[in-house]
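Working notes, beginning with the structure itself.
Lettering of chains follows the sequences in order, A, B, ..., and the numbering in each one begins at 1. These values consider heavy atoms only, across backbone and side chains, with no hydrogens, waters or symmetry-generated copies. Small disclaimer: the values here were computed from a predicted structure and weren't measured.
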There are 2 protein chains.
Amino acid sequence: MKYIWYNMEAREILKEHIARTAVLTDEEFDRFFSCFKPLTFKKGQVVIREGDKVDSEYFVISGCLKAFFVNDDVKMYILQFAMPTWWTSDYNALYSGARAGINVDCITDVELLCLSNADREKLCKEIHQVEHFFRWRTNKGYVAAQRRLLSFMNNDAKARYEELLKLYPQLYNLVPKHLIAAYLGVSRETLSRLYNSH
Amino acid sequence: MKYIWYNMEAREILKEHIARTAVLTDEEFDRFFSCFKPLTFKKGQVVIREGDKVDSEYFVISGCLKAFFVNDDVKMYILQFAMPTWWTSDYNALYSGARAGINVDCITDVELLCLSNADREKLCKEIHQVEHFFRWRTNKGYVAAQRRLLSFMNNDAKARYEELLKLYPQLYNLVPKHLIAAYLGVSRETLSRLYNSH
DNA sequence: ACTGAAATGTGACGTAGGTCACGTAATCCT
DNA sequence: AGGATTACGTGACCTACGTCACATTTCAGT
């Protein structure tokens, strides 16, 4: 049920996003943008399913997705909520060629720009500033992942909950609480008890 | 007590490491290598101290370091053990210009190659393949960080301990157990109980 | 609007792992 | 070599959080 869409806004959103870290001429940006395929999904639809071949990553124009792992006991752990101007995929699979080990699906209706692994590498080779952009995008992601790891080791569930809401207040009434719990790594019951008094 | 050293091996170790992800001409590698400053540290010496200005990252030639955070209760959490051919620094501070929020010190005697932030950026600009190399270095780091995060959420202390030893068996008799515990995010007492049966 | 399915709240109870306390063994330093 | 520091083991107890069970509320699809 994916279908193609187009709006001028998406182009501008991506252009503005890139401009924060790299300098592209208009021709370079045209070439860059031409590699992205616009997609929409409805709430609940799956973008990447565990076991899939993964050959693309996704830039979020609108809506909210989750990248999550489900273990043998059917417990879900959310690695990332993907919001507008964020990138998402199963990067382990995408970079290594392995099958997807996680799932990505849509918490709300979503508009995405899809970039294939092959096109990204081609663009990085052709346009030095594109490689620069992707280097810094991952640099920031790496730092964020380290920070989250530290928060996991150092803080209890309540502190992590407050930290998350301070960082992303939009999440509070956008995603159901049991997904917040799955992101924080606590049971939904414990999370419920955390914010209802004590 | 840092002092300058030099050995031909370091150059070859770095060269071989780079060659795994990027293709440099001999001249390009000469230029690249000329930006690295060799340093040695004795066991226990501090490379980065919390609060320091951080302007370099470090490539490990020999020995083992730890990158760690100490919280208000003086509990230590180890973000990374740095082994030969790994890179280490406080990347949050290095990339953002902030003061160091973590410490890096030496578990054994150590030989490092030091690369300044400014030189890295200059090299990335001059030599496209260097930017390529650093993009992929961080890509891999990002994937590893995500994997560790997931392991934290999904596995208990024992499973994480076994995972660590399977991945890096050298650590077992290289670093003291309480540091392993600080990496796993458990108390040294709990870790001790884990491997002495039950 | 009706109905089944999610999402949420809350009690009772279990458990992994933390903390404190104290001991022994291994290293380091001069 | 001897004393001090650091590493490690183990028992007793505590606590944050998980699990299960069930009630209630909200939401989505026809």
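Counted within 6.0 Å of NZ on B:Lys53, heavy atoms from surrounding residues, nucleotides or ligands total 12 or fewer; the atom is thus considered open. Residue B:Lys43 places its NZ atom among 12 or fewer non-hydrogen atoms of other residues, nucleotides or ligands, all under 6.0 Å distant.
In this structure, B:Arg148 is positioned above the aromatic face of B:Tyr183, its NZ or CZ under 6.0 Å from the six-membered ring centre and within 45° of the axis. Annotation: cation-pi pair B:Lys177/B:Tyr172 present, NZ/CZ under 6.0 Å from the ring centroid and within 45° of its normal. For the pair A:Lys66 and A:Phe68, the distance from NZ or CZ to the six-membered ring centre is under 6.0 Å and the angle to the ring normal is within 45 degrees.
Atoms CD1 (A:Ile180) and P (C:dG9) sit 12 Å apart, rounded to a whole Å. Straight-line distance from the CG atom of B:Asn196 to the P atom of C:dA25: 14 Å, rounded to whole Å. If you measure from atom CG of B:Asn173 to atom C1' of D:dA7, you get 15 Å, rounded to the nearest angstrom. With rounding to whole Å, B:Tyr161 atom OH is found 18 Å from C:dA16 atom C1'. If you measure from atom CG of A:Leu174 to atom P of C:dA7, you get 14 Å, rounded to the nearest angstrom. Put simply, CD1 on B:Ile107 is 17 Å from C1' on C:dT27, counting in whole angstrom units.
Under the side-chain hydrogen bond (donor to acceptor under 3.5 Å, both in side chains) criterion, B:Asp156 pairs with no residue, sequence neighbours left out.
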| said: Each nucleotide in nucleotides 13-30 of chain D should get exactly one letter: B, S or -. Can you fill that in based on protein heavy atoms under 4.0 Å? | reply: ----SBBBB------S--
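For D:dT6, neither phosphate oxygen OP1 nor OP2 lies less than 4.0 angstrom from any side-chain nitrogen or oxygen of B:His178. Close to C:dT8, at under 4.0 Å from its OP1 or OP2, lies no side-chain N or O of A:Tyr195.
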